Amino acid sequence: MGQNVRVSVIGGGSWATALVKILSNNVLHINWWLRKEESVKHIKEFKRNPRYLSDVVINTDIVNLFTDVEECIKESEIVILAVPSAFLKDSLVNINSEHLKNKKVFSAVKGIIPENLVIVGEFVHQEFSVPYENIGVISGPCHSEEVALEKLSYLTISCQNEKNTHELAELMRCRYIKVTESDDIYGTEYGAVLKNVYAIAAGLANGVGYGDNFQAVLMSNAIREMKRFVDAVHPINRDINDSAYLGDLLVTSYSQFSRNRTLGNMIGRGYTVKSAMMEMGMIAEGYYSVKCVYELNKKYKVDMPICEAVFNVLYDNISPRMEMKLLTDQLN
């Protein structure tokens with residue numbers, strides 16, 4: 001069903017690679033944009049992404065590779081954005097409203113556009129005049145590393161147009177992927193942003209020596225903090241305990257694969273932010289997201305002690321040990 005739909009994936013990282021793998025189970029025409037020409041050449045020759053999830057075999061019979069983003073999306077009906085938020089505007093610099101006219105655009109970015117202080121769905125609507133009914137979100141709980149291993153994973157597809165939600169959900173369901181459908185494009189996208197910030201907090205706490213008991217309290221407070229913020233930004237009737245919110249928060253905060261938790265853990269153990277990010281060699285979205293949330297919250301004035309603690313450590317160079325100690329007095 002829907003196998004002849006043409007889908008573009010924009011981005012060359014782990015999550016983009018995982019999405020290409022998932023779609024390859026059901027879609028006959030996948031257009032994949034990667035920034036680096038050498039990556040495209042490597043995939044064409046060896047059928048593997050040289051930098052990310054290199055164990056995943058790419059079916060180049062159905063996956064067409066591009067370094068020109070305009071050419072990549074030209075013939076596609078669905079466009080999936082999977083570029084880190086800090087670099088998305090640059091990646092789409094040659095794209096205008098006409099390029100995305102009548103296309104369905106789904107964000108798998110999990111971040112906020114720093115220059116605009118908006119989530120990706122809002123950015124796509126404002127910048128390219130894509131109507132909200134054609135904008136959607138792909139969220140978890142799901143780690144790309146477990147997709148690569150074909151371990152059972154769950155995705156949430158959100159769009160205000162039920163038909164568009166169902167169409168992409170059917171394209172992504174397979175033996176190891178189950179999909180939940182939702183219409184909460186704001187809550188799922190902001191939830192995906194915030195869970196990365198809370199995963200950094202979890203890593204910081206672990207790095208300075210707090211144990212499982214504190215982690216449980218931290219996560220309990222984090223989901224309440226998330227609810228306060230998403231309800232302030234977009235107040236609708238949602239269950240914050242659904243997998244798209246609570247589940248994604250938990251897997252990102254506890255998993256060994258979480259780059260945001262890893263970043264926090266390294267900084268908690270004494271690394272500088274710069275040295276930790278250089279050693280990781282991958283983008284931790286929470287680093288950019290926490291600054292954006294901090295700025296956004298000047299408008300909403302939501303009580304967000306965990307986000308503020310992460311911001312203080314990453315951007316104000318406050319000692320992780322001191323900041324975590326201060327945070328413990330604000331949690332319950």
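All values reported here derive from a predicted model rather than from experimental measurement.
- Between Y288 and F87, the ring-plane angle classifies as perpendicular under the 30° and 60° cut-offs.
- Inter-residue side-chain proximity for F106 and I78 is flagged as met; some heavy-atom pair is nearer than 4.5 Å.
- Using a 4.0 Å cut-off between charged side-chain N and carboxylate O, R35 and D90 make a salt bridge.
- The shortest side-chain heavy-atom distance between V7 and L171 falls under the 4.5 Å cut-off.
- Under the 3.5 Å distance criterion, the side-chain polar atoms of W32 are matched with a main-chain donor or acceptor of G11.
- Two rings, from Y287 and Y315, have their centers less than 6.0 Å apart.
- For the residue pair D184 and Y190, no side-chain donor N or O sits within less than 3.5 Å of a side-chain acceptor on the partner.
- Counted by atom type alone, Y176 and N25 present one or more donor-acceptor pairs between their side chains at under 3.5 Å.
- Summarising the local packing, CG of N213 is surrounded by 12 or fewer heavy atoms from other residues, nucleotides or ligands at distances under 6.0 Å.
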task = Please report the C-alpha distance between E285 and S85 in whole Å, then the side-chain angles of each, then the deciding distance to 0.1 Å, and finally whether the side chain to side chain donor-acceptor pair (under 3.5 Å) criterion is met.
result = CA-CA 7 Å; E285 277 279 14; S85 58; 2.8 Å; yes
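- Classification of E181 and R173 as a salt-bridged pair holds, one side-chain N sitting under 4.0 Å from a carboxylate O.
- When side chains are defined from C-beta on, S144 does not count as touching F257, because their heavy atoms never get closer than 4.5 Å.
- Two residues are said to be in side-chain contact when any heavy atoms from C-beta on lie closer than 4.5 Å; L194 and M304 meet this criterion.
- In this structure, a donor-acceptor pair under 3.5 Å is absent between the side chains of E189 and S139.
- By the 30° and 60° cut-offs, the orientation of the rings of F128 relative to F123 is perpendicular.
- Using a cutoff of 4.0 Å between basic side-chain nitrogens and carboxylate oxygens, K110 and D248 are not scored as salt-bridged.
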